[in-house]
Every structure is written in structure tokens, then in C-alpha cells.
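A quick write-up on the structure given underneath.
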Amino acid sequence: MLTLTDNANAVVTTIVTGQENGDDAGLRIESAPAPGPNGETRFAVHVVPSPEPADQIIEAAGTRVFLETAAAEALADKVLDAGVDGEGTVSFTILPQPV
């Protein structure tokens with residue numbers, strides 16, 4: 001199952017809290033319709049008020065992340081990290097899980 005770093009937990013919580021007030025709100029990750037330039041899977045990220053019925057739900061330290069089925073399969077053995085640059089731009093990085 002996808003895990004989140006402490007940085008990702010903090011960033012996701014800040015983003016979701018700033019955009020949604022509901023207790024069921026979270027960050028939804030879904031596979032993008034078109035692959036990347038090298039054929040790799042790309043992902044879209046949205047803040048949503050609640051998960052879709054088939055979403056896998058990850059809850060950690062008050063953070064809620066929803067994964068649509070294809071994204072859950074692709075990210076099952078990954079770690080989500082996040083950072084914010086000096087201008088406030090958020091970036092997410094997908095890393096392999098430590099062995």
C-alpha cells in the first residue's frame with residue numbers, strides 16, 4: 001500500500017484543510033488519461049470532498065488520501081513525498097518503498 005512521508009502528510013493536510021471543510025475531504029490520486037513522454041503512468045491529484053465508492057483510502061496522522069483503482073495498483077509499493085518551494089509551489093515525488 002502507498003505510504004506517505006511526514007512531509008507529504010503535512011502538505012496534504014494543509015492543502016485539503018485550505019480547500020475543503022468537510023470531515024470526509026481528502027486528496028484524490030487517479031491515473032491520468034495519457035501516459036508520460038516515455039510511456040510511464042502519470043497521475044492527477046485533486047482535493048475532493050469525499051472518496052469515490054471504489055477508492056482505496058489511506059489515513060495517516062489525520063491525512064486522507066484516496067486512490068482510484070488503477071492508481072492504487074500502480075502505487076502499491078511506493079512512498080509519496082512532498083515539498084513546497086520558496087514560492088509556495090507544491091511538488092509531489094513518488095519513491096520506492098525502502099526494503
Side-chain angles (χ1 to χ4, degrees):
M1 177 182 333
L2 177 72
T3 59
L4 281 70
T5 65
D6 291 342
N7 285 343
N9 277 326
V11 169
V12 169
T13 298
T14 300
I15 291 170
V16 172
T17 302
Q19 294 187 25
E20 288 289 339
N21 294 326
D23 291 339
D24 290 336
L27 187 78
R28 186 166 195 266
I29 303 173
E30 59 190 14
S31 55
N38 297 320
E40 71 275 10
T41 302
R42 294 175 43 180
F43 300 98
V45 178
H46 309 279
V47 175
V48 295
S50 61
E52 295 291 324
D55 284 353
Q56 181 181 84
I57 300 171
I58 299 170
E59 294 187 69
T63 300
R64 291 171 51 93
V65 175
F66 313 132
L67 301 171
E68 60 94 21
T69 304
E73 291 173 14
L75 299 173
D77 60 347
K78 304 293 186 222
V79 175
L80 182 68
D81 192 17
V84 181
D85 68 16
E87 297 178 6
T89 302
V90 174
S91 62
F92 291 99
T93 305
I94 298 169
L95 307 166
Q97 285 187 354
V99 180

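If you're wondering where the values come from, they're calculated on a predicted model, not measured in any experiment.
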Legend entry - Pairwise distance CZ(F92) to CG(L27) - rounded to 0.5 angstrom: 5.0 Å

Legend entry - Heavy-atom pair of closest approach, residues A74 and F43: CB-CZ, 3.9 Å

Inset, instruction - Report, as yes or no, whether the 6.0 Å neighbourhood of atom CG on D23 holds more than 12 heavy atoms from other residues, nucleotides or ligands. - result: no

Legend entry - Side-chain touch P33/R42, heavy atoms, less than 4.5 angstrom: no

Inset, instruction - Drop me the distance from L75's CG to I94's CD1, to the nearest 0.5 angstrom. - result: 5.0 Å

Legend entry - Exceeds 12 heavy-atom contacts within 6.0 angstrom, atom CG of D24: yes

Inset, instruction - Could you work out the complete set of other residues in the hydrophobic cluster of V79, with links drawn between I, L, V, M, F, W and Y side chains under 4.5 Å apart? - result: L95

Inset, instruction - Any chance you could measure S91, atom OG, to D81, atom CG, to the nearest 0.5 Å? - result: 8.0 Å

Legend entry - Side chain E52, main chain R28, donor-acceptor under 3.5 Å: no

Legend entry - Exam field: side chain E87 to backbone D85, donor-acceptor pair closer than 3.5 Å: no

Inset, instruction - Check I15, T14, V16 against V12 for a side-chain contact (heavy atoms from CB on, under 4.5 Å) and give me the one that passes. - result: V16

Legend entry - Atom pair CD1/CD1 of I58 and I29 - distance to nearest 0.5 Å: 7.0 Å

Legend entry - ILVMFWY cluster membership beyond V48 - transitive side-chain contacts under 4.5 angstrom: I57, F66

Legend entry - Minimum-distance pair of heavy atoms, taken over all atoms of A82 and A8: CB-CA, 3.7 Å

Inset, instruction - Drop me the distance from M1's CE to K78's NZ, to the nearest 0.5 angstrom. - result: 15.5 Å

Inset, instruction - Quick one: pull up CD in E68 and CG in D55 and give me the separation to the nearest 0.5 Å. - result: 7.5 Å

Legend entry - Minimal non-hydrogen separation, S31 against A71, with atom names: N-CB, 4.0 Å

Legend entry - Side-chain donor-acceptor contact under 3.5 Å, T13 with T63: yes

Inset, instruction - Can you see which heavy atom on A72 is nearest to which on Q56, and at what distance? - result: CB-OE1, 4.0 Å

